[in-house]
Amino acid sequence: MIKEYKTISEISGPLMVVRQVAGVTYDELVEIELPNGDLRRGKVLEVNGDKAVVQLFEPSAGINLAQSKVRFLGHPLQLAVSGDMLGRVFSGMGDPIDGGPAILPEEYRDINGLAMNPAARDYPNEFIQTGISTIDGLNTLVRGQKLPIFSGSGLPHNQLAAQIARQAKVLDGASNFAVVFAAIGITFEESEYFVQEFRRTGAIDRTVLFINLANDPAVERISTPRMALTAAEYLAFEKGMHVLVILTDITNYAEALREISAAKKEVPGRRGYPGYLYTDLATMYERAGRQLGKPGSITMIPILTMPEDDKTHPIPDLTGYITEGQIILSRELYRKGVLPPVDVLPSLSRLKDKGIGAGKTREDHANTMNQLFAAYATGKENKELMAILGEAALSPTDLLYAKFADEFEKRYVTQGQDENRSIQETLDLGWELLSILPETELKRIKPEFIDKYLPKKDKQQ
């Protein structure tokens, strides 16, 4: 039963206190009717005795304390879900903003979701092809994994996110693959970029977009990723689809959390973020995965800009604890003109070994991956030595390693925005680059793979 009150006692920023309430629950949805008939929405943040603290989704201007009516709707914020969501663009509150008709819901779902039972989780072990060599070849994404991208402000993470969303597919047939894309606290220009990019390439047909702009209320930023994950859970576990969820930018989400925490006068934790930031992020990230007995899966790529490019900042630090690896974008590579500027050495996918090999990618994948990592690391060291000691101090093999590092950045890491490389093309390109080195240096690759895959014309005698 809907309860209505006219007992607003105070409003402070996005928070409103309603007194003399009864039977109100945490997270309950609230409707505020202004004297002129306008409606505003909010949710219950705290209940203390007969007092409820309500967080407003829209500005508080114009709410008359004495005459506005407050209705508690008896359920939390919900998303109307249906298979018709694919190809549509929604606001951060789940309302269509693409000019199309309202969704005819098959059901309404609580956006906070339910934690997946750990005993019901299936281990991620199937390869997802993103078409980007540095991810597919060296930091492989596996179905059901959480693999964040750590970027810096001004780096092209949005372009990388759009490219992954356009190109990602599962190799056993793309018919049941979908992308749920949530843009959190972005500018109007960025929002237009994403929408136009997906429409230009036709990727919009298998994508659900949730867009929250920088001028939308902070509280909407909190709900946007949860809306996206609710849509993803429905498509994955009810419709049997393999869903890739891309959330950008988690830093904006955490800033909104800090803003609301300060308004509630909570004791701040590290760098002013609330002490429960870890738990809050985990409630989102842990909604990714696979369930036993269900064909669908949710794979997640959260993108966050590290303030001052600092990996030890609370947001990337806590994200790294919860997720299975990270892809790191490098400002140094970006300045060199390497796009996308993925720094492969500190990047890591903890589940990559589970998604590669014969029957998944190719038998030589693990060997070539290890050899490319090692050769690139050696080449970078040799280039530093060359800068200090001069070229004459290096042996011919050292110079070949330095040449390999340059070619690796130029041909393997660098990739056009519309260049979609298959895993076979990525592995063959790796072999082509390894042929720069003497065959005796390929110590991490089995001899039978060298005989089978190393380009013959370049083989060292």
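No hydrogens, no waters, no symmetry mates; every other heavy atom, side chains included, goes into these values.
- In this structure, R199 does not pair ionically with E197, as no charged nitrogen and carboxylate oxygen lie closer than 4.0 Å.
- Between E381 and K383 there is no salt bridge, since no side-chain nitrogen of the basic residue lies less than 4.0 Å from a carboxylate oxygen of the acidic one.
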Verdict with reasoning, L15 to V54, per side chain to side chain contact (heavy atoms under 4.5 Å, CB included): CA-CA 6 Å; L15 302 182; V54 174; over 6 Å; no

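- Heavy atoms from other residues, nucleotides or ligands lying under 6.0 Å from OH of Y108 number 12 at most.
- Side chains of L86 and D205 form no contact here, defined as non-hydrogen atoms less than 4.5 Å apart.
- Contact of the T25 side chain with the F72 side chain is not registered, since no non-hydrogen atoms from C-beta on lie closer than 4.5 Å.
- Across all non-hydrogen atoms, the minimal contact from G87 to D98 is O-OD2, 4.3 Å.
- Salt bridge annotation for E286-R121: present, with a cationic side-chain nitrogen under 4.0 angstrom from a carboxylate oxygen.
- Side chain to side chain, T130 and D136 meet the donor-acceptor criterion of an N or O pair below 3.5 Å.
- A donor-acceptor contact shorter than 3.5 Å links the side chain of D216 to the backbone of L213.
- Q78 places no side-chain N or O within 3.5 Å of a backbone atom of I111 that could act as its donor or acceptor partner.
- Using a 4.0 Å cut-off between charged side-chain N and carboxylate O, D406 and R411 make no salt bridge.
- Around atom CD of E4, more than 12 heavy atoms belonging to other residues, nucleotides or ligands sit under 6.0 Å away.
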Side chain to side chain contact (heavy atoms under 4.5 Å, CB included) evaluation trace for V195 with I211: CA-CA 9 Å; V195 174; I211 290 181; 3.6 Å; yes

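- Nearest heavy atom pair, residue A374 against residue R444, reads CB-NH1, 3.5 Å.
- At a cut-off of 3.5 Å, with distance as the only test, a side-chain donor of S133 or R421 sits close to an acceptor on the other residue.
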Full working for side-chain hydrogen bond (donor to acceptor under 3.5 Å, both in side chains) between T312 and D317: CA-CA 5 Å; T312 65; D317 188 29; over 6 Å; no

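- The main-chain N or O of T7 is never found under 3.5 Å from a side-chain atom of Q20 such that the two would form a donor-acceptor pair.
- For the pair R88 (side chain) and P101 (backbone), a donor-acceptor distance under 3.5 Å is present.
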Working for side chain to side chain contact (heavy atoms under 4.5 Å, CB included), residues I315 and T305: CA-CA 9 Å; I315 306 168; T305 46; over 6 Å; no

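- Side-chain contact check for I8 versus V17: every heavy-atom pair is 4.5 Å or farther apart.
- One N or O on the side chain of T224 and one on the backbone of E220 form a donor-acceptor pair closer than 3.5 Å.
- Annotation: side chain of P76 is not in contact with side chain of L29 (no heavy-atom distance under 4.5 Å).
- Ion pair R221/E255 not flagged as a salt bridge, since none of the NZ, NE, NH1 or NH2 atoms sits closer than 4.0 Å to an Asp/Glu carboxylate oxygen.
- When side chains are defined from C-beta on, F57 does not count as touching S223, because their heavy atoms never get closer than 4.5 Å.
- E324 has no carboxylate O lying under 4.0 Å from a charged side-chain N of R350, or vice versa, which leaves the two without a salt bridge.
- For R19 and D50, the salt-bridge test fails: no basic side-chain N is under 4.0 Å from an acidic carboxylate O.
- Panel note: side chain K169, backbone G131; no donor-acceptor pair is recorded below 3.5 Å.
- Within the 4.5 Å cutoff, no side-chain heavy atoms of I250 are placed close to those of I303.
- Side chains of K380 and Y376 form a contact here, defined as non-hydrogen atoms less than 4.5 Å apart.
- Distance alone, capped at 3.5 Å, is enough to place a donor-acceptor pair between the R206 side chain and the R166 backbone.
- Here E46 does not pair with K264 in a salt bridge; the nearest charged N to carboxylate O distance is not below 4.0 Å.
- Considering all non-hydrogen atoms of both residues, T299 and V142 come closest at CG2-O, 3.7 Å.
- Checking side-chain atoms of N212 against main-chain N and O of G185 turns up a donor-acceptor pair under 3.5 Å.
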Steps toward side chain to side chain contact (heavy atoms under 4.5 Å, CB included) verdict (H75, E28): CA-CA 5 Å; H75 60 79; E28 195 172 330; over 6 Å; no

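- A donor-acceptor pair is defined here as one N or O able to donate and one able to accept, closer than 3.5 Å; such a pair exists between the side chain of N64 and the backbone of Q67.
- The side chain to side chain contact (heavy atoms under 4.5 Å, CB included) with L304 is formed by just one residue from the set D249, L247, N252, T248; it is D249.
- Ion pairing between a basic and an acidic side chain is recognised when a charged N comes within 4.0 Å of a carboxylate O; R41 and D95 show such pairing.
- Between D110 and K43 there is no salt bridge, since no side-chain nitrogen of the basic residue lies less than 4.0 Å from a carboxylate oxygen of the acidic one.
- Taking every heavy atom of both residues into account, E106 and G83 meet most closely at OE2-N, 3.7 Å.
- Looking at every heavy atom in both residues, Y5 comes nearest to A22 through OH-N, 3.1 Å.
- Screening residues 152-163 for side-chain hydrogen bond (donor to acceptor under 3.5 Å, both in side chains) gives S151-H157, N158-E190, Q163-Q167 as the qualifying pairs, with residues at least two apart or on separate chains.
- Applying the side chain to side chain contact (heavy atoms under 4.5 Å, CB included) test between I328 and each of P346, P148, P316, P341 identifies P346 as the sole match.
- Checked for salt-bridge contact, R109 and E238 meet the test: a charged N lies under 4.0 Å from a carboxylate O.
- Contact check on E409 versus K336 returns a salt bridge, with a Lys/Arg side-chain nitrogen under 4.0 Å from an Asp/Glu carboxylate oxygen.
- Annotation: cation-pi pair R258/Y273 present, NZ/CZ under 6.0 Å from the ring centroid and within 45° of its normal.
- A salt bridge does not link E233 with R226: every distance from a Lys NZ or Arg NE/NH1/NH2 to an Asp or Glu carboxylate oxygen is 4.0 Å or more.
- Using the six-membered ring where Trp is involved, F198 and F181 have ring planes that are perpendicular, over 60° apart on the 30 and 60° scheme.
- Taking a cutoff of 4.0 Å between a charged side-chain nitrogen and a carboxylate oxygen, E58 and R40 do not qualify as a salt bridge.
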Stepwise side-chain hydrogen bond (donor to acceptor under 3.5 Å, both in side chains) check, Q145 with S349: CA-CA 9 Å; Q145 183 177 7; S349 167; 3.0 Å; yes

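- Between Y193 and I186, the closest side-chain pair of non-hydrogen atoms is not below 4.5 Å.
- No option in L141, I149, T134 other than I149 meets the side chain to side chain contact (heavy atoms under 4.5 Å, CB included) test with I327.
- A salt bridge links D418 to R200: one of the charged nitrogens lies within less than 4.0 Å of a carboxylate oxygen.
- Between the K354 side chain and the F127 main chain, no donor and acceptor come within less than 3.5 Å of each other.
- The heavy-atom pair separating S82 from P105 by the smallest distance is CB-CA, 4.3 Å.
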